[in-house]
Number of protein chains: 2
Amino acid sequence: MRTTRQRLLEEGLALLLRHGYNDLGIQALLDATGIPKGSFYHHFRSKEDFALQVVDHYMAEVHAGLDACLGDRSRAPLERVRDFFELSREKYRREGYMGCLLGGLGQELSGVSEAFRYKIEWCFSEIAGRIAVSLEEARQCGDLPAETDVHHLAGLLLDCWEGAALRSRLRRDPAPLEAMLDFYFRAAVS
Amino acid sequence: MRTTRQRLLEEGLALLLRHGYNDLGIQALLDATGIPKGSFYHHFRSKEDFALQVVDHYMAEVHAGLDACLGDRSRAPLERVRDFFELSREKYRREGYMGCLLGGLGQELSGVSEAFRYKIEWCFSEIAGRIAVSLEEARQCGDLPAETDVHHLAGLLLDCWEGAALRSRLRRDPAPLEAMLDFYFRAAVS
DNA sequence: TCCAGACTAGACCGATTGGTCTAATTCTGT
DNA sequence: ACAGAATTAGACCAATCGGTCTAGTCTGGA
């Protein structure tokens, strides 16, 4: 059974992705779900608490994608990493090229909310950490130069990806994402 | 003489950079400047009109930076391009690593406002266009491979920069910006 | 059967929002 | 000096904001 809480998180994810935090009113979320206000404040302490939990919900999806792609032993380590971003690009497309929730909320809120700033930075470093594991595998295989700093390279990939995701959102177009991946993987191996 | 209009645009730039659009109330801007509401609505049709003009104000600064860096004939074309981004990094530092206004407003508003989406995409393409000119010079010099697509490469640089700027904002740290530039310029020439 | 706790339901609250309006004041050209 | 335009000044407005409160409903265990 899809609980009230889950429905709020799911619809909240979609609405936060499009509207951002401050442009999303509680009432709009309630109207979209048909859930009354009392239920919302039963399940969540505040709007901020809610949005932070939506980020957790989003991160669960990200980790599922990482599990699926990075765990595929039939493909070379670098291919697995690229697979994850191709998967993300497909997800963005399905959502109308709204980009990444972490990038959106990070940009909007990191200037005024330390809670969100730390949270989202932590999410990024967690994703980068998992990518670094695959990059290290690639290094061991000789697919990356032996002197490669894989954590550095993973952070770089994520940062550039977020920039390309913003451009993709502005243009409603996947081209910047694809271009960035081509450039990165050509450059990283040499 | 620094006019009321100019003071609103200048203070508005600083406040929008930190707070974003929706978290910035007109009243907060008026309190910060000591300017009454009547003056604001005399000079600007609406909050949206104001923010769009702040973007213009910001772009004037960007163009001034581009003029200063890209016009320096004493340096190689690729060095001039890098100079511009180093200059931007210094500006970000002075502002407390709040990143780029275009990235911030682009992320926050491109999901809900076509006006901002088109405006900011246009700003990006304009900056990329100017960078492409210097890249083309570099290509002519042989500093870039002859087959380089300079417009493609300029867009890529800007996109990755914006991503690094977000990370820099999250971490209050210039390292992601520097790392991205090192990676890019090493990769682009080969 | 009945009770306790989880949950739903929505009226209601003070504060704040973007925006309007009119009166007062300052500036500018003659 | 004076007229008229530009600008300042801030009270005021309806709408919306996030959040509270209480009453009612549902559900599982004793």
Side-chain angles (χ1 to χ4, degrees), chain A residues 1-57 104-105 108-117 119, chain B residues 1-57 104-105 108-117 119:
Chain A
M1 171 198 168
R2 212 150 121 280
T3 69
T4 298
R5 203 186 104 92
Q6 274 176 316
R7 284 172 53 218
L8 285 169
L9 289 174
E10 283 166 25
E11 189 65 37
L13 174 50
L15 289 175
L16 281 175
L17 197 56
R18 170 164 271 107
H19 290 266
Y21 183 82
N22 285 300
D23 189 52
L24 175 61
I26 305 281
Q27 197 54 55
L29 171 69
L30 302 177
D31 291 346
T33 52
I35 290 169
K37 191 168 274 194
S39 299
F40 179 89
Y41 280 98
H42 173 75
H43 292 288
F44 304 99
R45 244 176 297 118
S46 64
K47 184 187 180 186
E48 175 177 90
D49 174 53
F50 171 70
L52 287 168
Q53 291 198 42
V54 169
V55 171
D56 287 331
H57 185 73
L105 295 184
E108 181 180 359
L109 300 173
S110 62
V112 287
S113 163
E114 294 290 273
F116 277 96
R117 186 164 81 83
K119 175 89 177 185
Chain B
M1 169 198 169
R2 210 150 121 280
T3 69
T4 297
R5 203 185 104 91
Q6 275 177 315
R7 283 173 54 216
L8 285 170
L9 288 175
E10 282 166 26
E11 189 64 38
L13 174 51
L15 288 175
L16 281 175
L17 197 57
R18 170 164 272 109
H19 290 267
Y21 182 83
N22 285 300
D23 189 53
L24 175 61
I26 304 282
Q27 196 54 54
L29 171 68
L30 301 178
D31 291 346
T33 52
I35 290 169
K37 190 167 275 192
S39 299
F40 179 89
Y41 281 98
H42 173 74
H43 291 288
F44 304 99
R45 243 175 297 116
S46 65
K47 184 187 180 187
E48 175 177 89
D49 174 52
F50 171 70
L52 287 168
Q53 291 198 42
V54 169
V55 172
D56 287 332
H57 184 72
L105 295 184
E108 182 180 357
L109 301 173
S110 63
V112 286
S113 163
E114 294 289 271
F116 277 96
R117 186 164 81 84
K119 175 89 178 187

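Below, chain A is the first sequence line, B the second, and so on; all start at residue 1. The model shown is predicted, which means the values in this text are computed figures rather than measured ones.
Looking only at distances, no side-chain donor or acceptor of E108(B) sits under 3.5 Å from a matching main-chain atom of G20(A). Within the 3.5 Å criterion, the main-chain N or O of L9(A) finds no donor-acceptor partner in the side chain of Q53(A).
Going from atom CG of L29(A) over to atom C1' of dG19(D) covers 14 Å, rounded to whole Å. In this structure, H42(A) atom NE2 and dC21(D) atom P are separated by 16 Å, rounded to whole Å. At whole-Å resolution of the value, CZ in F50(A) and P in dC17(D) are 15 Å apart. Rounded to a whole Å, the CZ atom of F40(B) is 15 Å from the C1' atom of dT8(D). One can place CG of D49(B) at 14 Å from C1' of dG18(C), the figure rounded to the nearest angstrom.
Under 4.0 angstrom from either OP1 or OP2 of dT8(D) there lies at least one side-chain N or O belonging to T4(B). Applying the 4.0 Å criterion to OP1 and OP2 of dT8(D), one finds that H43(B) has a side-chain N or O inside that range.
Rounded to 10 degrees, the angle between the two end axes of the helix from dT1(C)-dA30(D) to dT30(C)-dA1(D) is 10°, with five pairs used at each end.
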Give each protein N/O atom lying under 3.5 Å from an N/O atom of nucleotides 10-13 of chain D, with the pair distance.
from, atom 1, to, atom 2, distance (Å)
dG10(D), N7, G38(B), N, 3.4
dG10(D), O6, G38(B), N, 3.1

Please list, pair by pair, any protein nitrogen or oxygen found under 3.5 Å from a nitrogen or oxygen in nucleotides 14-17 of chain C.
none

Using a cut-off of under 3.5 Å, enumerate the N/O to N/O pairs linking the protein to nucleotides 23-29 of chain D.
none

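Of the charged side-chain nitrogens involved, at least one lies within less than 4.0 Å of a carboxylate oxygen, so that E114(A) and R117(A) count as a salt-bridged pair. With respect to the salt-bridge test (charged N to carboxylate O, under 4.0 angstrom), the residues R18(B) and D23(B) do not qualify.
Sorted by first and then second residue, the side chain to side chain donor-acceptor pair (under 3.5 Å) pairs with a member in residues 31-42 of chain A read Q27(A)-D31(A); sequence neighbours excluded.
K47(A) meets the side chain to side chain donor-acceptor pair (under 3.5 Å) test with no other residue; sequence neighbours excluded.
Contact check for I26(A) versus F50(A): no side-chain heavy atoms found under the 4.5 Å cut-off. The closest side-chain heavy-atom distance from R5(B) to F44(B) is below 4.5 Å.
In the set dT8(D), dT8(C), dT20(C), the nucleotide with an atom closest to the side chain of Y41(B) is dT20(C).
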